[in-house]
Number of protein chains: 4
Amino acid sequence: MSDKNWIQEILQEDGEGQLTPKQAQILQAAVEMFAEKGYASTSTSEIAKRAGVAEGTIFRHYKTKKELLYSIVSPMIVQFAAPLFARHFIDDVLERDHEGFEDFLRHAFRNRYNFVKENAPFLKIIIQEVAFQPEMQQRFKALFAEKLLPSVQKVVIHFQEKGELADIPPETVIRILLTNIVGMLLTRFLIMPDQDWNDDEEIERTIAFLMKGLQPSSSE
Amino acid sequence: MSDKNWIQEILQEDGEGQLTPKQAQILQAAVEMFAEKGYASTSTSEIAKRAGVAEGTIFRHYKTKKELLYSIVSPMIVQFAAPLFARHFIDDVLERDHEGFEDFLRHAFRNRYNFVKENAPFLKIIIQEVAFQPEMQQRFKALFAEKLLPSVQKVVIHFQEKGELADIPPETVIRILLTNIVGMLLTRFLIMPDQDWNDDEEIERTIAFLMKGLQPSSSE
Amino acid sequence: MSDKNWIQEILQEDGEGQLTPKQAQILQAAVEMFAEKGYASTSTSEIAKRAGVAEGTIFRHYKTKKELLYSIVSPMIVQFAAPLFARHFIDDVLERDHEGFEDFLRHAFRNRYNFVKENAPFLKIIIQEVAFQPEMQQRFKALFAEKLLPSVQKVVIHFQEKGELADIPPETVIRILLTNIVGMLLTRFLIMPDQDWNDDEEIERTIAFLMKGLQPSSSE
Amino acid sequence: MSDKNWIQEILQEDGEGQLTPKQAQILQAAVEMFAEKGYASTSTSEIAKRAGVAEGTIFRHYKTKKELLYSIVSPMIVQFAAPLFARHFIDDVLERDHEGFEDFLRHAFRNRYNFVKENAPFLKIIIQEVAFQPEMQQRFKALFAEKLLPSVQKVVIHFQEKGELADIPPETVIRILLTNIVGMLLTRFLIMPDQDWNDDEEIERTIAFLMKGLQPSSSE
DNA sequence: CATGAATGAGGATTCATTCAT
DNA sequence: CATGAATGAATCCTCATTCAT
């Protein structure tokens with residue numbers, strides 16, 4: 001299982017050193033239960049029971065239940081958006097621009113696909129909590145506005161200038177791109193995870209659709 | 001405000017006669033608070049306070065807190081999907097097929113846009129609760145599978161046969177259509193309601209994008 | 001059914017004129033439910049439902065739930081003890097003393113047997129409420145001490161003087177008599193009502209046992 | 001006070017190890033209040049207050065209020081009937097049969113007298129709750145039918161065959177014995193605890209009465 | 001560090017009682 | 001008289017949090 005992995009990854013953002021085994025158990029149990037029943041409907045005693053620790057132990061590591069939530073969600077938001085605004089990722093695209101927008105799209109799409117595939121429960125938690133906790137909303141929007149948006153915007157404008165993309169407002173292009181990527185992943189992993197999916201084909205179909213929908217009009 | 005209106009509409013689905021004033025106040029308060037803080041984090045005493053009634057009054061009308069939730073969500077799910085599977089709506093489209101797929105799309109899109117504009121809080125509640133309450137999930141999926149899917153599928157296949165739509169699996173077409181419509185509405189009304197939006201233009205841009213992305217390849 | 005009868009009887013003690021039909025329904029429902037579940041575990045709304053009246057109607061007739069209980073229990077306590085201290089009943093016995101103590105005992109026993117047979121639910125209510133409500137206890141003890149005890153004591157002493165009864169303290173004789181009569185009736189109607197009972201034989205056996213146990217020692 | 005004693009005894013039936021002090025306080029308070037006001041009329045907050053613990057503490061030890069009741073009543077029912085069906089108790093009687101039925105009766109009577117004297121409040125609780133809780137009724141009847149009845153029946157038949165007891169149906173003999181023992185104890189400890197009682201004399205009088213009432217007819 | 005008993009504020013729900021219709 | 005919607009205090013119970021061991 002790769003469960004242990006992402007829990008370790010989370011910690012690394014946490015600043016601290018290493019996770020104790022008990023801490024890892026707590027985090028894992030919390031992630032599972034928050035995803036299953038939601039934050040508000042999950043009690044710390046349930047988490048303790050599933051984690052196999054005493055209830056008090058949770059509060060030794062996380063001052064409050066909310067802090068436990070944050071310690072899960074915060075690094076995850078970063079992880080989720082991280083690669084998209086990694087400087088080298090964008091720079092690569094712009095440099096090797098002969099590869100075209102489609103390669104960028106495919107690269108980003110597949111990358112996020114793999115990520116969500118490994119971390120579906122997190123996605124559910126993030127969606128739920130960003131919906132209700134204004135603080136989370138703020139953090140999310142800040143991240144989006146300051147990091148993701150400028151990077152992607154740069155890419156979009158670049159390819160619009162190259163004539164590969166239709167002359168639609170970049171914000172709209174970005175909204176469309178995100179909507180379709182996130183929408184596909186949500187449908188795939190949260191809404192209808194039990195249906196038969198041919199993931200590769202569906203991704204390629206979505207990319208093809210996006211490329212066609214965003215290509216410049218022939219007269220342009 | 002048109003709040004009073006939709007609350008009355010909800011009841012009509014409820015089978016019963018008319019809402020008492022107190023009942024309407026309770027529903028309105030509940031909708032607001034569930035949308036703000038989520039079902040689990042909203043206490044019945046808070047609802048009572050905002051509704052200006054005694055806490056006991058809530059339980060005179062709704063045996064449990066969950067029943068109160070259902071009495072809000074159930075009719076809403078129906079309302080939300082209703083027009084899309086109204087027989088005459090689909091039939092109209094198929095008969096007046098000279099109008100083309102674009103008209104169908106525009107009609108459906110604008111119709112749902114208006115609906116969500118009036119009922120944004122409901123949308124938030126539905127999304128939240130469908131995510132966690134398996135019963136709601138079931139109800140939602142049933143509605144989708146039995147009513148919405150066949151109707152829309154008929155339309156899609158019709159236009160594919162007419163050569164107006166690309167030869168992509170109808171399920172994928174539908175997923176793409178829903179993703180883009182719902183995604184746009186969510187972004188507009190829930191995620192970034194405070195940003196400047198030129199709704200008409202954004203809808204038209206989305207439609208244009210969808211039409212282009214779904215049109216048959218030139219060689220076909 | 002004779003249900004209607006005893007309810008009317010109850011009222012006559014109540015001082016008032018006649019019971020309205022609704023009032024009778026309320027009393028009957030209350031008696032049934034108090035006997036089934038106990039006073040404290042029966043809600044006025046349940047009583048109203050079973051009686052087929054509105055909850056408010058109960059409070060139109062009985063200021064409080066407790067008053068409703070009293071209006072059932074009070075007259076019943078009187079009814080229960082009544083014949084035993086009816087002057088003429090005792091006087092008869094003393095006059096026709098040729099009939100002996102056994103006839104008195106048989107008469108009293110069968111009389112109470114018939115009464116309990118018709119009114120078993122009441123018995124349960126009385127036992128329960130006398131056990132807990134100090135006020136009821138007081139009323140019950142007063143009745144016993146002032147009315148029943150002197151009468152029966154007179155009878156017992158009379159037959160002791162005649163040499164028909166052993167020279168045991170009259171209080172003990174009375175305790176034994178009551179214990180055996182009440183004990184038999186409780187076993188018969190409350191504790192094991194479902195077992196096969198040959199009531200006539202069991203009563204006669206009990207009487208024979210009592211007579212033998214209370215007869216003077218042969219040497220006396 | 002010997003309160004501490006019986007509470008410890010209760011637990012030993014409970015299977016578990018030892019009672020925490022708080023748990024003992026809770027049990028003691030609950031016993032007192034249930035006996036005073038009845039189960040249904042006693043609130044958990046009152047119990048907590050009298051026990052000197054937080055209300056939540058009650059629910060840490062007993063999942064529900066009813067479980068608290070059962071944890072008191074169940075072992076008590078067993079305790080109450082225990083010695084009567086202890087194998088050696090019965091066997092002793094049958095072996096040393098020269099001692100006669102009167103010794104058996106005296107032994108049993110005094111044993112239960114001492115027990116009730118120490119545990120009067122329990123008796124009240126048992127009577128109340130067996131009256132209303134069908135589950136308790138079942139448990140009680142099962143215990144009686146499977147354990148107590150056969151043992152005592154064996155003794156009764158033994159002494160009937162020896163000609164020490166009248167030829168009355170054993171069930172009736174047992175009913176009479178129980179009625180008189182229980183009736184005396186109830187009168188003594190619950191109904192008229194405040195009256196002057198010369199317990200030894202009253203017990204002996206009752207035994208004498210029983211022996212005489214149950215002796216075979218002289219002609220037999 | 002880890003525990004789990006103890007806490008008490010707060011949760012949903014019930015209920016006797018009132019009162020306008 | 002009868003109704004039943006409305007009330008709010010009280011009920012049983014849950015839960016995040018603390019703290020002595």
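Chain letters run A, B, ... following the sequence lines, proteins first, then strands; residues in each count from 1. Every heavy atom of this structure was used, including side-chain atoms; hydrogens, water molecules and symmetry mates were not.
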Would the distance check show the side chain of K37(D) and the main-chain N or O of T42(D) forming a donor-acceptor pair, the cut-off being under 3.5 Å?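 No, because the side chain of K37(D) does not come within donor-acceptor range (under 3.5 Å) of the backbone of T42(D).
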Geometric cation-pi criterion, K65(C) with F59(C): 6.0 Å, 45°: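 The answer is no, since K65(C) fails at least one limit relative to F59(C).
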Side chain of [X] (C-beta onward), nearest among [options]:
X	options	result
K65(D)	dC13(F), dG11(E), dG8(F)	dC13(F)
T57(D)	dA16(F), dT7(E), dC12(F)	dT7(E)
V53(B)	dA16(F), dT7(E), dT7(F)	dT7(F)
R60(C)	dT3(F), dA2(E), dT18(F)	dT3(F)
F59(B)	dC12(F), dT13(E), dA16(F)	dT13(E)

Which pair of heavy atoms, one from S71(C) and one from Y62(C), lies closest together, and at what distance?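 Minimum heavy-atom separation between S71(C) and Y62(C): OG-CE2, 3.3 Å.
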Where do E129(D) and M136(D) come nearest, in terms of heavy atoms and distance?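 Residues E129(D) and M136(D), closest heavy atoms: O-CB, 4.0 Å.
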Would you kindly compare G52(C) and S43(A) by the position of their nearest DNA chain F nucleotide and give the one closer to the 5′ end?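 Closer to the 5' end of DNA chain F: G52(C).
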Figure out the [atom1]/[atom2] separation between [X] and [N], and round it to whole Å.
X	N	atom1	atom2	result
L68(C)	dA16(E)	CG	P	11 Å
I26(A)	dA16(F)	CD1	P	14 Å
K22(B)	dT21(E)	NZ	P	12 Å
I47(A)	dC15(F)	CD1	P	11 Å
E55(C)	dA5(F)	CD	C1'	11 Å
Q23(B)	dA6(F)	CD	P	8 Å
E46(C)	dT17(E)	CD	P	15 Å
F34(D)	dC12(F)	CZ	P	9 Å

Residue whose nearest DNA chain E nucleotide is more 5′ - K66(B) or G56(D):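 Whichever sits nearer the 5' end wins; that is G56(D).
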Position toward the 5' end of DNA chain E (nearest nucleotide), H61(D) or H61(A):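 Nearest-nucleotide comparison on DNA chain E picks H61(A).
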Looking at every strand, decide which applies to [X] at a 4.0 Å heavy-atom threshold: base, sugar-phosphate, or nothing.
X	answer
T64(D)	sugar-phosphate
T42(D)	sugar-phosphate
T44(A)	base

Pairing nucleotide - dA20(E), Watson-Crick or G-U, each distance under 3.5 Å: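 Paired with dT3(F).
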Any salt bridge between R50(A) and E36(A), counting N to O under 4.0 Å?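 Here R50(A) pairs with E36(A) in a salt bridge, since their nearest N and O are under 4.0 Å apart.
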